[in-house]
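What follows is a single structure, written as structure tokens, with notes after it.
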Number of protein chains: 4
Amino acid sequence: MPKLGMEEIRRRQLIDATIASIHEVGFADSSLSRISAKAGVSTGIVHHYFKDKADLLEATLRRLGTNLRLAVVSRLRGAKTPVERLMAVIDGNMGSEVFTPEGVSAWLAFWAQVPNNERLARVQRIIVGRLHDNLVDALRPLTPGHDVQAIATLVASLIDGLWLRAALKREPPNGETARLLVIDYLNAKLNLNIPME
Amino acid sequence: MPKLGMEEIRRRQLIDATIASIHEVGFADSSLSRISAKAGVSTGIVHHYFKDKADLLEATLRRLGTNLRLAVVSRLRGAKTPVERLMAVIDGNMGSEVFTPEGVSAWLAFWAQVPNNERLARVQRIIVGRLHDNLVDALRPLTPGHDVQAIATLVASLIDGLWLRAALKREPPNGETARLLVIDYLNAKLNLNIPME
Amino acid sequence: MPKLGMEEIRRRQLIDATIASIHEVGFADSSLSRISAKAGVSTGIVHHYFKDKADLLEATLRRLGTNLRLAVVSRLRGAKTPVERLMAVIDGNMGSEVFTPEGVSAWLAFWAQVPNNERLARVQRIIVGRLHDNLVDALRPLTPGHDVQAIATLVASLIDGLWLRAALKREPPNGETARLLVIDYLNAKLNLNIPME
Amino acid sequence: MPKLGMEEIRRRQLIDATIASIHEVGFADSSLSRISAKAGVSTGIVHHYFKDKADLLEATLRRLGTNLRLAVVSRLRGAKTPVERLMAVIDGNMGSEVFTPEGVSAWLAFWAQVPNNERLARVQRIIVGRLHDNLVDALRPLTPGHDVQAIATLVASLIDGLWLRAALKREPPNGETARLLVIDYLNAKLNLNIPME
DNA sequence: GATGAATGAGGGTTCATTCAT
DNA sequence: TATGAATGAACCCTCATTCAT
């Protein structure tokens with residue numbers, strides 16, 4: 001009889017191994033044999049839980065997006081003021097759960113696949129769209145008289161750039177420093193006084 | 001003397017074909033046979049002019065960096081005022097010679113290789129360092145009382161983020177829009193009045 | 001006793017599914033997982049009722065042979081005259097119970113395995129031998145002065161050829177047409193007057 | 001510089017090895033690694049000369065058809081009388097160049113693939129059609145008052161059946177015996193006197 | 001009896017690289 | 001200088017078979 005919940009466990013194992021492998025050796029060298037070895041299972045098992053390698057990769061990107069969404073959602077729950085809500089979105093994209101060595105490596109790797117992979121592109125568009133919407137919602141009460149769309153685009157681009165630079169560095173990414181750069185911009189542009197503690 | 005400069009011609013052919021191929025089918029599918037076909041030469045020829053595939057890729061990244069450097073240098077030549085010098089650096093990184101569909105695609109592809117490829121990483125560090133130095137030099141006369149390093153980092157990150165987003169989009173990248181976002185930030189942060197014509 | 005005969009039921013299910021699968025996708029693509037899915041059981045069950053895949057295939061060929069034998073035997077039961085007995089053998093090999101799309105497909109598939117599979121070869125030799133013996137017995141009273149062995153061989157070869165051609169055609173096999181060709185030969189060779197109604 | 005005619009040599013090597021392999025171990029076990037080993041080349045080379053395995057197999061079936069056609073054509077060249085022309089067709093399909101152990105094995109193997117492989121089916125229809133046309137042409141002057149189509153079909157089926165039986169036997173096929181069975185049928189049916197020397 | 005998760009060998013295929021020409 | 005034939009390792013994937021449940 002099938003062990004209950006085994007499917008979810010195995011899928012998670014394999015997705016985690018995929019992220020770890022991409023971090024360690026990169027996208028190109030993340031073969032299924034390496035991934036399954038890292039997950040501690042046989043190569044054949046992958047095709048029990050995923051249609052093929054592309055399916056595993058898509059699920060992995062989806063998971064990265066989910067992690068990001070959860071990081072924002074959990075912070076929004078405790079946010080009361082407009083500034084707190086804005087910072088929930090910013091911090092949700094810079095927090096220590098997501099802004100990890102493995103996380104930024106995997107993100108960069110997947111981004112590079114997007115231009116030539118429609119299925120990954122679709123997932124990525126959802127993730128990017130969600131960040132943009134979150135930013136616009138959070139910025140609107142704080143930006144009377146400004147072009148909120150442009151500011152959201154700038155902040156999103158800045159966040160992307162910081163993720164990119166984090167991925168390119170050898171050291172573990174420093175979310176705190178990255179966060180301060182975003183706050184500094186917002187304070188200057190919107191005449192806010194978000195504390196940079 | 002008909003063969004004079006043959007080496008340089010062939011190397012350039014192959015590098016151009018590499019960039020074009022990466023743009024068209026991505027890094028993973030840019031096999032040497034595809035690249036050489038695109039360059040109109042045989043597969044074997046690659047190893048006459050490059051040690052191996054890694055060597056060709058490194059040369060390609062180097063060329064991308066050179067293009068960027070030249071775009072900045074040529075603009076700096078006509079720059080007189082501090083603001084003009086700053087804009088020379090910005091525009092050199094957003095100008096239509098470099099901010100092309102092929103250019104941004106190739107950049108993104110190489111970025112993704114850097115974390116797991118020390119040789120490419122070395123080249124990339126040089127390029128990043130040069131942009132940072134250029135920015136610091138240009139910003140210093142305009143930023144009394146500010147942390148010039150932080151501002152340079154923010155601008156550089158923003159530029160990277162804009163390149164990244166340009167690569168992820170389907171449409172040809174719009175350097176003008178990207179440029180305006182950077183100017184807008186600088187005007188707000190440094191109380192400048194760089195015209196956004 | 002509800003489980004009584006379960007073994008026979010399961011074996012029959014799987015054999016039928018094997019024949020159906022071979023007809024649908026061919027011998028090569030008739031994997032155990034496909035066969036068991038078609039039979040509506042799990043993959044593991046096959047090894048409860050058959051030693052391995054080769055065993056299932058052998059049982060399937062045996063069943064095909066049995067079907068043929070029964071088709072002949074049942075017709076022989078009502079045959080009185082020598083001609084009727086001959087026609088019982090012919091029709092038993094061309095009748096609508098056996099000369100079906102699935103039947104001819106499966107036969108052809110198994111024939112192709114025989115030269116390199118001793119176990120299947122053994123089964124096939126029994127089936128071929130039985131047809132030959134049946135034909136010789138039925139022909140003897142009708143072929144005074146002829147080489148009964150040669151005629152039996154020719155008829156058997158002709159029947160095989162007609163099965164083969166039926167399997168290669170896209171349309172459902174036409175046993176009636178095939179039958180008439182055999183009768184026509186016998187009438188010509190033996191100066192008989194078997195009606196071709 | 002490419003060795004002239006190398007392509008034709010290699011293709012022939014590989015096709016011959018394919019036929020030999022099918023004869024030795026059957027269609028299913030004729031992997032590319034086995035075929036290329038038998039041809040004395042590496043596995044990778046197959047894809048220089050054939051698009052993929054299906055392409056090699058199709059070329060192999062085509063070659064078998066060509067061999068058959070040539071065997072008939074060469075005999076037709078010396079045929080003067082109608083009977084000689086008929087025998088040229090018969091003997092061309094039973095001659096020692098084509099009615100070999102490897103030949104009949106490969107034929108049976110390919111026949112079994114036809115129902116589930118449209119590309120092979122197309123080639124096979126051409127071959128079958130050619131035999132039928134040849135037979136009708138040769139039979140027409142000898143069959144006044146008969147249904148020439150039906151006789152051609154019977155002869156073709158008989159030939160197929162004899163090939164089939166030859167493939168199923170362990171011994172090398174005996175073309176002479178097979179040939180006599182066909183002649184015997186024709187003599188009986190058409191009141192001919194083709195000598196059975 | 002029955003399931004389907006798990007294994008690992010072997011399949012076809014692609015590829016960077018080498019080398020005879 | 002230039003070719004492309006040739007190699008063999010590594011890839012993804014499928015499969016028969018086993019076994020814990």
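In what follows, every chain begins at residue 1, and chains take the letters A, B, ... in the order their sequences are listed. As the structure is a computational prediction, the values presented were derived from the model and not from experiment.
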Check the distance between E:dT14's P and D:His48's NE2 and give it to me in whole angstrom. 11 Å
Report the distance from atom CE of D:Met6 to atom P of F:dA5, rounded to the nearest whole Å. 10 Å
Look at A:His47 and F:dC13 and indicate whether a side-chain polar atom (N or O) is within less than 4.0 Å of OP1 or OP2. yes
Please walk me through it: do A:Arg34 and A:Glu24 pass salt bridge (charged side-chain N to carboxylate O under 4.0 Å, His left out)? CA-CA 11 Å; A:Arg34 186 187 289 270; A:Glu24 283 176 25; 5.5 Å; no
Ring centres under 6.0 angstrom apart (A:Phe110, A:Phe27): yes
So, OP1 or OP2 of E:dG11: does either fall under 4.0 Å of a side-chain N or O from D:Ser31? yes
Does a nitrogen or oxygen in the side chain of C:Arg10 sit under 4.0 Å from OP1 or OP2 of E:dA2? yes
Separation between CG of B:Asp16 and CD of B:Glu102, rounded to the nearest 0.5 Å: 10.0 Å
So, taking the atom named OG1 in D:Thr60 and the one named CG in D:Leu120, what distance separates them when rounded to the nearest 0.5 Å? 9.5 Å
Distance check needed: F:dC11 C1' versus A:Lys53 NZ, whole Å only. 8 Å
Report yes if the side chains of C:Leu168 and C:Leu108 come closer than 4.5 Å at any heavy-atom pair, otherwise no. yes
Taking any strand in view, what nucleotide pairs with E:dA2 in a Watson-Crick or G-U wobble way, both distances under 3.5 Å? F:dT21
Residue closer to the 5' end of DNA chain E, B:Ser33 versus D:Asp52 (nearest nucleotide): D:Asp52
CG of A:Leu56 versus P of F:dC11: gap in Å, rounded? 15 Å
Tell me which of C:Asp29 and D:Ser42 sits closer to the 5' end of DNA chain F, going by the nucleotide each one is nearest to. D:Ser42
Whole-Å distance between E:dT17 C1' and B:Leu32 CG? 9 Å
Between F:dT1 (C1') and B:Glu8 (CD): distance, integer Å: 17 Å
Between D:Ser30 and B:Ala54, the residue closer to the 5' end of DNA chain E by nearest nucleotide is D:Ser30
Which part of the nucleic acid, if any, lies within reach of A:Val41 when heavy atoms closer than 4.0 Å are counted: base, sugar-phosphate only, or nothing? sugar-phosphate
C:Phe50 atom CZ is separated from F:dT18 atom C1', nearest whole Å, by 18 Å
Using only side-chain N and O atoms of B:Tyr49, determine if any of them is under 4.0 Å from OP1 or OP2 of F:dT1. no
Taking atom P of E:dA5 as reference, at what distance in whole Å does atom CD1 of A:Ile45 sit? 8 Å
